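Since the structure comes first, as structure tokens, the remarks are kept for the end.
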Amino acid sequence: MASSSIKCFIPYIFMLILCHFNVIQARNDQLSTDFYYYTCPKVFDIVRDTVVEAIKNETRNGASLLRLHFHDCFVNGCDGSVLLDDNATFTGEKTSFPNKNSLRAFDVVDIIKARLEKACPLVVSCADILAIAARDSVYHLGGPTWEVKLGRRDSLSANITAANIFIPAPSSNISVLKSNFHDVGLSFKDLVALSGAHTIGYARCATFRPRIYNDHNISPPFVETLKSKCPQVGNDDVLQGLDLRTPSHFDNYYYKNLLTKKGLLHSDQEIYNSNKADPIVRKFSRDLSKFYRSFEKAMIKMGDISPLLGTQGEIRENCRKSR
Ligand code: HEM
Ligand SMILES: *[C@@H]1O[C@H](CO)[C@@H](O)[C@H](O)[C@H]1NC(C)=O
Ligand SMILES: *[C@@H]1O[C@H](CO)[C@@H](O)[C@H](O)[C@H]1NC(C)=O
Ligand SMILES: *[C@@H]1O[C@H](CO)[C@@H](O)[C@H](O)[C@H]1NC(C)=O
Ligand SMILES: *[C@@H]1O[C@H](CO)[C@@H](O)[C@H](O)[C@H]1NC(C)=O
């Protein structure tokens, strides 16, 4: 009697399991702001506290974290691929032209990940850590904030060739920049808005040297100061704020600088060089909240680039290594 009623329930239980599985699948098949609501409720506190601590240690860390998310998303989507270390049998993206001797704050990501592994082991992806840390960095340097979508999974590999091709170079003209952004589904307006990230952080002499010795659309007093810091030969690693005035504050001085030909990189000044970006730059330089709203929107779009979902990829234990 008992055994036959259990038998009757078996198809039921099976269906329940199926349904439940479907629900989980549906939840995992797209990004959502409450992805870790049950599985890691402290995720936002842990990332925010660590970002605040890192910025307190050195304000530049905020800029470096924002840039990591960008360099992650532009290469096969936001999948944490930028964080994988090289080893004897594996070449990651860290030695690509745009990244080598340039990307930083990997140590901060390690600290965030270690704290998350303690609170909720093998739950939060490294790709999501970068998305939250980028958002929190902007906010804690005085910028806007937004609801960050989560649920990305981590790649099992990386692609140095793709990093060299898809991450825009500072020598790029406006057409090349436009097509780099178009390749990952971002619009011309997104390009101008996201370039505003250069209102924080620093560039090396080696990166802005071609601009100060070759370009003519550069302010004469500005170029003289830069030449004294960054000679034709040597001082490659000397740093200059991308925003000469407030490199630790997420404001719209980046655009104001462009209006007076004080963009630091060739690619920066291309955004204000007698083309269709000009009116957008003037608008963002005049209206801080228009810049903020466009930046928020574009960051969410950038964070949506080809995520790994559901059972694709993995959740890494250590952001530097796939399992
Ligand atoms: C539009 C095309 C872009 C180009 C050509 C470009 C290029 C560069 C270059 C060459 C540097 C300095 C690297 C060095 O000298 O070591 C830099 C720094 C930086 N970039 Fe971009 N970038 C672009 C867009 C973006 C975007 C979309 C973001 C973020 C949303 C971003 C965020 C940053 C930040 C925050 C820094 C400073 C990093 C630090 O101080 O550690 N950039 N970028
Ligand atoms: C801040 O600096 C201290 C002292 O060097 C270091 O121990 C700590 O790990 C740093 N924290 C972060 C989040 O970078
Ligand atoms: C790496 O990216 C390049 C450029 O997109 C592509 O041609 C190549 O097939 C990729 N390699 C792998 C192993 O996916
Ligand atoms: C922009 O740069 C690309 C690649 O260097 C070049 O082919 C193209 O002609 C340039 N476009 C303009 C408008 O200068
Ligand atoms: C080398 O790195 C890759 C990618 O993180 C990883 O899958 C592999 O296990 C690593 N090999 C060794 C020997 O650690």
Side-chain angles (χ1 to χ4, degrees), residues 58-74 80-81 83-94 97-106 108 126 130-131 134-135 137-138 141 143 154-158 166-181 184 186 188 190-211 230 236-243 247-248 250 254 263-271 273-275 277 295-296 298-299 301-303 305 314 316-323:
E58 188 189 4
T59 51
R60 190 184 177 197
N61 276 328
S64 307
L65 287 167
L66 172 58
R67 187 167 185 234
L68 278 181
H69 182 47
F70 163 52
H71 283 213
D72 185 26
C73 294
F74 266 57
S81 59
L83 300 173
L84 293 175
D85 276 348
D86 287 6
N87 61 38
T89 54
F90 176 85
T91 305
E93 294 162 14
K94 290 185 175 176
F97 290 110
N99 294 347
K100 197 179 175 188
N101 298 325
S102 187
L103 283 189
R104 53 198 297 288
F106 295 112
V108 179
C126 299
L130 293 184
R135 190 266 310 258
S137 294
V138 168
L141 293 176
D154 295 323
S155 71
L156 304 172
S157 64
F166 292 108
I167 300 169
S171 57
S172 311
N173 62 33
I174 189 77
S175 348
V176 168
L177 293 173
K178 184 186 168 187
S179 89
N180 280 148
F181 276 65
V184 293
L186 296 173
F188 193 76
D190 295 330
L191 160 65
V192 180
L194 288 172
S195 296
H198 287 181
T199 189
I200 54 172
Y202 295 82
R204 290 165 303 141
C205 161
T207 354
F208 61 83
R209 184 182 286 123
R211 166 149 170 80
C230 179
D236 277 15
D237 293 326
V238 162
L239 296 174
Q240 170 67 36
L242 283 156
D243 167 2
S248 301
F250 199 96
Y254 170 78
L264 182 62
L265 307 178
H266 176 81
S267 51
D268 288 327
Q269 200 62 54
E270 278 290 305
I271 305 287
N273 192 31
S274 306
N275 57 56
F295 187 80
E296 292 158 18
M299 283 296 290
K301 263 174 90 174
M302 186 174 87
I305 301 172
E314 65 172 354
R316 286 181 210 145
E317 185 181 0
N318 172 342
C319 292
R320 296 174 179 269
K321 196 176 175 309
S322 75
R323 290 191 284 147

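Every value quoted in this text rests on a predicted model; they were computed, and no experiment measured them. Values below: all heavy atoms of this structure, side chains included; hydrogens, waters and symmetry mates excluded. Read the numbers this way: they start at 1 and go in the same order the structure lists the ligands and their atoms.
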Right, does [atom] have protein non-hydrogen atoms nearer than 4.0 Å?
atom	value
atom 2 (O) of ligand 4	yes
atom 14 (O) of ligand 4	yes
atom 7 (O) of ligand 4	no

Practice item. Find the distance between CG (Leu239) and SG (Cys205) and round it off to the nearest 0.5 Å. Key: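 Here the interatomic distance stands at 9.5 Å.
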Check for a donor-acceptor pair, side chain of [X] on one end and backbone N or O of [Y] on the other, with a separation under 3.5 Å.
X	Y	value
Gln240	Leu264	no
Asp154	Gly80	no
Asp85	Gly92	no
Lys100	Lys94	no
Arg316	Ser155	yes

Closer than 4.0 Å to some heavy atom of [X] - which atoms of ligand 1 meet that?
X	result
Arg60	39 (C), 40 (O), 41 (O)
Pro170	5 (C), 10 (C)
Ser195	1 (C)

Purely on distance, is any nitrogen or oxygen of [X] under 3.5 Å from one on ligand 1?
X	value
Ser64	yes
Arg104	no
Asn101	no

Review point. Heavy-atom count around Glu317 CD within 6.0 Å, excluding the residue itself: above 12?
Key: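 Counting neighbours around CD of Glu317, 12 or fewer heavy atoms of other residues, nucleotides or ligands fall under 6.0 Å, so no.
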Side chain, backbone, both or neither: the part of [X] lying under 4.0 Å from ligand 1 by heavy atom:
X	answer
His69	neither
Ala169	backbone
Leu194	both
Leu191	side chain
Ser267	side chain

Practice item. Flag Asp85 as yes when one of its N or O atoms lies below 3.5 Å from any N or O atom of ligand 5, and as no otherwise. Key: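 No; every N/O pair is 3.5 Å or more apart.
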Check your understanding: Do Glu270 and Ser172 get their side chains close enough for a donor-acceptor pair, meaning under 3.5 Å?
Key ->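 No donor-acceptor contact under 3.5 Å links the two side chains.
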Check your understanding: For atom 4 (C) of ligand 4, what is the nearest protein heavy atom, given as residue, atom name and distance?
Key ->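 Here the closest protein heavy atom is Val176 CG2, 4.0 Å.
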Practice item. Report yes or no: does Phe181 have a heavy atom closer than 4.0 Å to ligand 1? Key: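 In this structure, Phe181 qualifies as a contact of ligand 1 - some heavy atom is under 4.0 Å.
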Check your understanding: Touching ligand 1 at all, Ser172? Heavy atoms, strictly under 4.0 Å?
Key ->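 Ser172 does not count as a contact of ligand 1 under the 4.0 Å cut-off.
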Point to revise | Atoms in ligand 4 flagged as close to Asn173, the criterion being non-hydrogen separation under 4.0 Å | key: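 Once the distances to Asn173 are compared, the set is 1 (C), 2 (O), 3 (C), 8 (C), 10 (C), 11 (N), 12 (C), 14 (O).
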**Study point:** Name of the residue among Ile167, Leu84, Asn99, Leu103 meeting side-chain contact (heavy atoms from CB on, under 4.5 Å) with Glu93
**Key:**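 Per the side-chain contact (heavy atoms from CB on, under 4.5 Å) rule, the option paired with Glu93 is Asn99, out of Ile167, Leu84, Asn99, Leu103.
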Review point. For ligand 5, which atoms have a heavy atom of Leu84 less than 4.0 angstrom away?
Key: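 With Leu84 as reference, the close atoms of ligand 5 come out as 5 (O).
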